[in-house]
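Below: the structure, in structure tokens.
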Number of protein chains: 2
Amino acid sequence: MAVRLHIQIDTLSGLPVYRQIMDQIKYYIASGSLVTGDQLPSIRELAQALTVNPTTVVKAYTELVHEAVIELRHGKGAFVASGYNPLSVEQQDKAVRRIARQLAVETAQMGMSPERALRIVEEELGAISSERAEAKAPVKLKVVASGSRS
Amino acid sequence: MAVRLHIQIDTLSGLPVYRQIMDQIKYYIASGSLVTGDQLPSIRELAQALTVNPTTVVKAYTELVHEAVIELRHGKGAFVASGYNPLSVEQQDKAVRRIARQLAVETAQMGMSPERALRIVEEELGAISSERAEAKAPVKLKVVASGSRS
DNA sequence: CGAACTGTATGTGTGTTACCGTACAGACGT
DNA sequence: ACGTCTGTACGGTAACACACATACAGTTCG
């Protein structure tokens, strides 16, 4: 059966809806709440729960397919893909460094101390890897999907 | 006289040109290469150096004005603004946490260890604050602006 | 088969991005 | 006063991103 996800759409953030869907699905996978082979909500099901158009969910899902995060099987559904993309160490470094620099600039801009910024990153990093460790055992996954539209 | 910046436009990144300009000017300010009162290149000057349309630079500059990062003075030029935005601690935390989470998800996705990710963040964070410390003394700023167009 | 689920494909409207050209208005040195 | 630097403000065009609506095609089960 299809897993029920707790996805929230923030219409005020300015971020595209399809990208918010992508990010939150990635988050579930990264934290271990979703693992290889798990079935995602169907396109229409998720679209209805979020009160967005099915094609918007299609956009999110197909993008995730291109990133080899999930698989789409015609007539069957969407599933978490098996492997990791074999990115080279250099590419990994570059990708992470890009985000890290953005974070560094923003913190400096608002006058936040580097120590505090680092502590926040440490928290988020730790949150994911700890959830990952105990995932799939007690946690059954959250309730229904819910959105907030104006 | 107007400072000469070393700004690079990557047409393959997919990021809007005006945003790349914004980000890199923010970086110079965050790192201390540009401080309050410094004059930026004029709109036409920067546009010509980057081989982009002046209106694109206008877009970048006016956005930076809205964020209170720079000031535009009619007939005189563009200058680094004085104050920081007085964002609340909660808002700061939320903004930084958003980026931190994205970083955590991406690293988990590609299988990078949290320790390594943290080390990279530490580097970028340190790079900015150290440049900030010794800035404006020896460093005179880079040479001419340069772009890369297809 | 046929109903009810699944993903897939094709248009359509709106907004953003970037471009080009032209014109206006403030600041400053000669 | 004049020329030349500065930012500001129009109009219009082309390409693309985003979300929507509708129709098509594969899978499964009674």
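Worth saying up front: this structure is predicted, and the values here are computed from it rather than measured. Per chain, numbering begins at 1; letters A, B, ... match sequence-line order.
Not one side-chain nitrogen or oxygen of A:Tyr18 sits closer than 4.0 Å to the OP1 or OP2 atom of D:dA19.
Taking atom CG of A:Asn53 as the reference point, atom C1' of C:dG13 lies 13 Å away to the nearest angstrom. Between the CZ atom of B:Arg19 and the C1' atom of C:dA18 there is a distance of 15 Å, rounded to whole Å. Distance, B:Phe79 CZ to C:dA27 P: 12 Å, rounded to whole Å. Summarising the geometry, the separation between CD on A:Gln48 and P on D:dC20 is reported as 14 Å, rounded to the nearest angstrom. Rounding to whole angstrom units, CG of residue B:Asp10 and P of C:dA18 are separated by 13 Å. Regarding B:Gln39, its CD atom lies at a distance of 12 Å from the C1' atom of C:dA27, rounded to whole Å. Distance B:Lys59 NZ to C:dC19 C1': 13 Å, rounded to the nearest Å. We find that CG of B:Leu15 is positioned 15 Å from C1' of D:dC16, with the value rounded to whole Å.
Between the CD atom of A:Gln92 and the CE atom of B:Met112 there is a distance of 4.5 Å, given to the nearest 0.5 Å.
Taking only side-chain atoms of B:Pro16, from C-beta outward, the nucleotide of D:dC20, C:dC19, C:dT17 with the closest atom is C:dT17.
Across B:Asp10 and B:Gln20, no two heavy atoms sit closer than the pair N-OE1, 2.8 Å. Minimum interatomic distance between B:Ala30 and B:Ile128 (heavy atoms only, all atoms of both residues): O-CG2, 3.6 Å. Of all the heavy atoms in B:Lys26 and B:Val69, the pair that sits closest is CE-CG2, 4.4 Å. Looking at every heavy atom in both residues, A:Arg116 comes nearest to B:Val89 through NH2-CG1, 3.3 Å.
The residue from A:Val65, A:Val58, A:Val57 that alone fulfils the side chain to side chain contact (heavy atoms under 4.5 Å, CB included) condition with A:Tyr61 is A:Val57.
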Taking only N/O atoms, report every protein-nucleotides 7-10 of chain D pair under 3.5 Å with atom names and distance.
| residue | atom | partner | partner atom | Å |
| --- | --- | --- | --- | --- |
| D:dG7 | OP1 | B:Ile43 | N | 3.3 |
| D:dG7 | OP2 | B:Ile43 | N | 3.2 |
| D:dG7 | N7 | B:Arg44 | NH1 | 2.9 |
| D:dG7 | O6 | B:Arg44 | NH2 | 2.9 |
| D:dG7 | N2 | B:His74 | NE2 | 3.4 |
| D:dG7 | N3 | B:His74 | NE2 | 3.1 |

